[in-house]
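Note on naming: letters A, B, ... go to the chains in the order of the sequence lines (proteins, then strands), and numbering restarts at 1 for each one. These numbers were taken from a predicted model, which means no experiment stands behind them.
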2 protein chains.
Amino acid sequence: MKHKDILNKLRTSGLRPTKQRVEIAKFLFDREKTFHFTVESLNKLLLKKITTKFALATIYNTIHAFKKAGHLNKVEVRGKRSYFDTNITNHHHFYDSDTSELIDIDVKDVIIQKLPKAPNGKKIKNVEVFINLKN
Amino acid sequence: MKHKDILNKLRTSGLRPTKQRVEIAKFLFDREKTFHFTVESLNKLLLKKITTKFALATIYNTIHAFKKAGHLNKVEVRGKRSYFDTNITNHHHFYDSDTSELIDIDVKDVIIQKLPKAPNGKKIKNVEVFINLKN
DNA sequence: TTTCACTTTAGAATTATTATAAACTAGAAT
DNA sequence: ATTCTAGTTTATAATAATTCTAAAGTGAAA
Ligand SMILES: [Mn+2]
Ligand SMILES: [Mn+2]
Ligand SMILES: [Zn+2]
Ligand SMILES: [Zn+2]
C-alpha cells in the first residue's frame with residue numbers, strides 16, 4: 001500500500017491525514033498478513049520504527065477512529081486488554097495462551113453442521129469460533 | 001443443595017466454611033439453572049438477600065477461591081468485566097448484547113463438521129462457540 | 001480455652017482505558 | 001501567501017475493574 005493509497009484511505013473515511021495517522025496506517029495496513037495487536041504492543045512497535053513518539057492517547061484515538069471507519073476489528077480475548085485485528089472479514093481464531101497470540105482461521109475452514117436456534121424473539125447476528133491451543 | 005452439602009462442598013475443596021463463603025455458595029449453587037454473573041451483579045444481588053454486607057474484596061476472594069476449586073468457570077465476553085458461570089461443564093454460549101446476558105448452549109447442540117488443524121507443534125485444547133444475538 | 005493459620009476487611013495501589021482542555025495543524029477561505 | 005477554524009494531538013487527570021496490603025477477626029485443632 002503506497003503513500004497515496006494511505007492518504008486516500010484516510011480521506012475517504014473522513015479522517016484528516018495527519019502525520020500520526022499516516023504513520024500508524026502505514027504500519028498497520030502496509031503488510032501482507034493479518035496483524036493482531038493490543039494498544040500496548042502497537043505502541044512498543046511504533047517506538048522502534050518511528051523517530052518522534054506519539055502520545056498514548058493518540059494511539060487510542062487513532063485505533064478507535066480506524067475501528068469506527070471499519071478498517072480494524074476488535075477481538076475479544078481472555079485477559080485484560082483489547083486486541084485489534086487488521087483482518088476485517090468474518091473469520092475465526094486460534095488463541096495461543098502461551099504466547100498471547102491470535103492466529104486467523106478462514107471461515108471456510110470451519111463448517112458447522114448443527115447450531116441451536118436462537119432464543120425467542122432473537123436472531124443470530126454472528127457465530128464466533130475460538131480455538132484455544134496448548135502445546 | 002442443603003446446608004450440609006454446602007459445608008461439605010467447601011470442606012472437601014479445602015475451603016473453611018466461613019459465614020461469607022457459605023452464604024455466597026448457597027446463593028450461587030442452590031439453584032436449578034446455570035447462573036451467569038459478574039462480581040458487580042453478584043454483589044448487588046447479595047445485598048438484597050443478605051442482612052450484613054460483605055466487603056467487595058471478600059466477593060472477589062470467594063469467587064476466585066471457588067474458581068480455583070473448580071466450582072466456577074470464567075467466561076470471556078465483550079466488555080470490561082469478567083463473567084463467571086456456575087456451569088462448569090464444557091459448553092457454548094449465546095450472548096445478547098442488548099441485555100448483556102449469557103445463555104448456555106449444550107455441547108450437543110453444536111456439531112462442527114470441519115475444523116482447521118492446529119499450527120505446528122500445537123494442539124487444540126478446546127473449541128468455544130460464541131453466538132452473538134440481535135433482535 | 002488457647003492458639004494460629006486462614007480469612008475478612010477497609011482502604012490503597014494498579015492497570016487499562018477514557019475524558020479534559022489547552023496547544024497545534026490541515027486545509028478551506030480570503 | 002495569510003488568515004481562520006474545526007479537527008487533532010497531547011499531557012495530564014479521571015475512571016473503573018481488579019488486585020494488593022496489612023491489620024483485625026475467626027474456625028477449628030489441640
Ligand atoms: Mn477501546
Ligand atoms: Mn479476577
Ligand atoms: Zn484475525
Ligand atoms: Zn454458561
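- To the nearest angstrom, C1' of dT19(D) lies 15 Å from CZ of R81(A).
- Put simply, the side chain of D106(A) does not reach to within 4.5 Å of the side chain of H91(A), judged on heavy atoms.
- For the pair K19(B) NZ and dT8(C) C1', the computed distance is 9 Å after rounding to whole Å.
- The side chain of T18(A) contributes an N or O atom lying less than 4.0 Å from OP1 or OP2 of dT9(D).
- Look at CG on L7(A): it is 12 Å from C1' on dA26(C), rounded to the nearest Å.
- Rounded to whole angstrom, the span from the CG atom of L56(A) across to the P atom of dT18(C) amounts to 11 Å.
- Residue Q20(A) places at least one side-chain N or O closer than 4.0 Å to OP1 or OP2 of dT10(D).
- In this structure, F84(B) atom CZ and dT18(D) atom C1' are separated by 10 Å, rounded to whole Å.
- In terms of position on DNA chain D, the residue among P17(B) and Y83(B) whose nearest nucleotide sits closer to the 5' end is Y83(B).
- S82(B) has no side-chain polar atom (N or O) that falls below the 4.0 Å cut-off from OP1 or OP2 of dA17(D).
- With F29(A) as the aromatic partner, K9(A) meets the cation-pi criteria of under 6.0 angstrom to the ring centre and within 45 degrees of the ring axis.
- Side-chain atoms of F130(B) and N126(A), non-hydrogen and from C-beta on, never get closer than 4.5 Å to each other.
- Rounding to whole angstrom units, CD of residue E23(A) and P of dA26(C) are separated by 13 Å.
- The shortest non-hydrogen separation linking V75(B) to L102(B) is CG1-CD1, 3.9 Å.
- With distances taken from any side-chain atom of A57(B) to the nucleotides dG11(C), dT9(D), dT8(C), the minimum falls on dG11(C).
- Using a 4.0 Å cut-off, no side-chain N or O of R21(A) falls inside it from OP1 or OP2 of dG7(D).
- Applying the 4.0 Å criterion to OP1 and OP2 of dT18(D), one finds that Y60(B) has a side-chain N or O inside that range.
- Nucleic acid contact for R16(B): base, since at least one base atom lies under 4.0 Å from a heavy atom of the residue.
- Proximity of V77(A) to H36(A): side-chain heavy atoms (C-beta onward) are nowhere separated by under 4.5 Å.
- Distance NE2 (H64(B)) to P (dT7(C)): 15 Å, rounded to an integer number of Å.
- When the P atom of dC20(D) is taken as reference, atom CG of N61(B) falls 10 Å away, rounded to whole Å.
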